Amino acid sequence: MKSVPKGTMKTTMDLTDWLSCSGCGMLVYRKRFDRLSMVCPDCGKHGQLTAEQRLERLLDAGSGTPVEPGPSVHDPLAFEDLVPYTDRLDAARSRTGMDCAVRVVRGTVRGRGVVLAVMDFRYLGGSMGAAEGEAIVTAAEEALKHRLPLVVVTASGGARMQEGAFSLLQMARTSNAMAALDEAGLLTITLVTDPTYGGVAASFSTLSDVILAEPAARMGFAGPRVIEQTIRQKLPEGFQTAEFLLDHGLLDGVVPRGELPQVLESLLALGSPPDPEWAPEVTDPVIREPELLSRRPVEQVVGLARDLGRPTALDHVAAWGSEFVELRGDRAGADCPAVVGGLAELEGLPVMLIGHQKGHTTQELVRRDFGMPSPAGYRKAVRLMRLAAKLRVPVVTLVDTPGAHPGLEAERHGQAHAIAECLRVMGSLDVPVVSVITGEGGSGGALALAVADRLLLCENAIFSVISPEGCAAILWRSGEAAPAAAAALGVDAGTLLSNGIVDGVVPEPAGGAHRDPAVASELVRDAVVCALRELREQDGAALREARRRRLRWFGTYRERVAV
Ligand SMILES: [Zn+2]
């Protein structure tokens with residue numbers, strides 16, 4: 001289990017006032033290196049910080065109150081290898097001045113209350129024994145007691161061999177302390193620093209709501225040497241680094257040390273909901289009577305819905321000028337670029353924003369898979385929806401996709417199930433859900449993000465069971481019949497509103513959203529704000545019940561039940 005990768009982060013002292021960077025070898029003036037929080041000004045390598053240094057850099061000055069973990073067994077097996085375990089413990093204590101590898105402090109980060117548990121790699125490689133487990137559990141209990149977010153900073157080689165099964169069990173013990181915070185709806189954040197391996201990676205570290213890592217920090221279950229010995233192959237460059245983990249859906253973000261306080265502040269700020277009298281000045285732009293809509297030929301609407309100048313999900317969030325912390329990854333091996341999501345602030349109200357993401361240029365579209373999500377995209381969406389439910393924040397989705405990605409890999413990874421899971425989870429949320437179809441509402445891939453208490457559609461957006469071209473090719477046996485198919489399918493706002501498929505239509509600037517994206521975004525924001533103003537004070541269980549009741553009667557002869 002214990003698998004300490006070769007430590008290369010040590011900075012070797014050259015002369016008293018100078019240090020040489022272990023990344024590039026450059027000499028850095030010690031005081032400057034310290035001012036830069038041990039980040040090399042030349043190559044950006046993040047040197048290791050002690051727990052003390054980390055706390056100093058994160059907490060507001062003078063705000064920290066140490067939290068003492070309870071007593072733990074010291075040497076339950078009377079373990080002795082080349083050296084008695086007690087000697088190793090004594091050496092670690094005198095080297096670090098710490099009783100175990102974790103320090104727990106309650107304090108504030110930029111004015112926001114938080115409990116911090118910080119690991120120190122100098123203490124027996126940050127390995128987890130009973131005392132370290134006790135410290136993590138104590139931190140979680142302190143967060144619970146004061147209803148504060150928990151932030152853990154990890155640095156560890158894994159479970160500590162010298163305590164045998166006592167060490168092993170700390171994985172389950174700490175994981176279940178995290179579960180209690182989930183049940184209490186308290187935000188948990190992990191900062192992964194180099195290295196984080198074994199039992200610490202496979203327990204509390206990776207169970208946090210938000211997992212951030214420092215650049216190049218390595219994390220994994222098995223250490224690289226163990227893997228190489230097992231598979232008898234050389235590992236690829238960058239394997240298990242933060243950047244690799246981000247690409248593989250295992251992290252929310254890679255954050256340089258200097259930017260961490262800002263990111264933490266944004267995340268911690270999102271915990272505070274505004275007063276009941278929220279955004280009273282916003283007027284509702286939504287049209288609810290079909291006869292008030294100006295009609296245009298449906299093929300023209302299809303063209304407008306697909307116009308590359310329309311604002312994308314990220315454009316909307318940016319235009320709203322709100323705080324937005326993007327959260328990435330499905331935690332199962334991938335991060336889909338066609339779905340974006342994260343915690344945002346809408347007129348001061350924290351919301352979980354999730355949307356399909358297209359682009360304006362071919363290059364952007366290629367990078368975003370043309371807004372066609374893979375199963376990882378839907379699994380990321382589900383993860384974020386569950387997080388929203390935990391934190392009691394509303395879910396807002398912006399829908400704009402030609403459809404879910406049709407492809408070999410998507411099928412292999414369970415596209416059908418991933419979409420179905422979205423449909424079920426979205427319907428089951430006990431927080432308000434508002435969806436806006438902002439462009440193309442293409443089939444199941446769109447509906448997967450559109451099971452809502454209020455389903456709105458932009459004036460020139462479309463919503464359809466299949467693309468008009470696809471329908472024409474199958475039923476008319478000619479792609480040229482697409483306009484006829486679009487009309488027959490009733491993909492336009494007027495038909496969708498008349499049929500009660502959508503609850504309202506968000507007006508667009510004259511000529512379409514692409515003509516004035518800023519105004520288009522403002523209208524979408526106002527529509528969402530007004531829908532949430534109505535929903536946010538409602539009881540969660542009642543919301544879910546109403547959402548399901550509404551779904552129950554779609555397409556039957558029963559009268560629609562008022563929601
Ligand atoms: Zn360097």
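Worth saying up front: this structure is predicted, and the values here are computed from it rather than measured. Residue indices begin at 1 and follow the sequence shown. Whatever order the structure lists ligands and atoms in, that order sets their numbers, starting from 1.
- Listed here is the closest heavy atom pair of G333 and L250: N-CD2, 4.1 Å.
- When each of E345, E323, R110 is tested with S266 by the rule side chain to side chain contact (heavy atoms under 4.5 Å, CB included), just one qualifies, namely E323.
- Partners of F244 under the ring pair (Phe, Tyr, Trp, His ring centres under 6.0 Å) rule, at least two apart in sequence or in another chain, are F239, H248.
- Here the options are R379, K380, R368, the test is salt bridge (charged side-chain N to carboxylate O under 4.0 Å, His left out), and the partner is D335; only K380 passes.
- I354 is listed as a side-chain neighbour of V339, based on a closest heavy-atom distance under 4.5 Å.
- Put simply, the residue from E163, Q162, H74, E80 that forms a side chain to side chain donor-acceptor pair (under 3.5 Å) with Y85 is E163.
- Within the protein, the number of N/O/S atoms found under 2.8 Å from the Zn ion (ligand 1) is 4.
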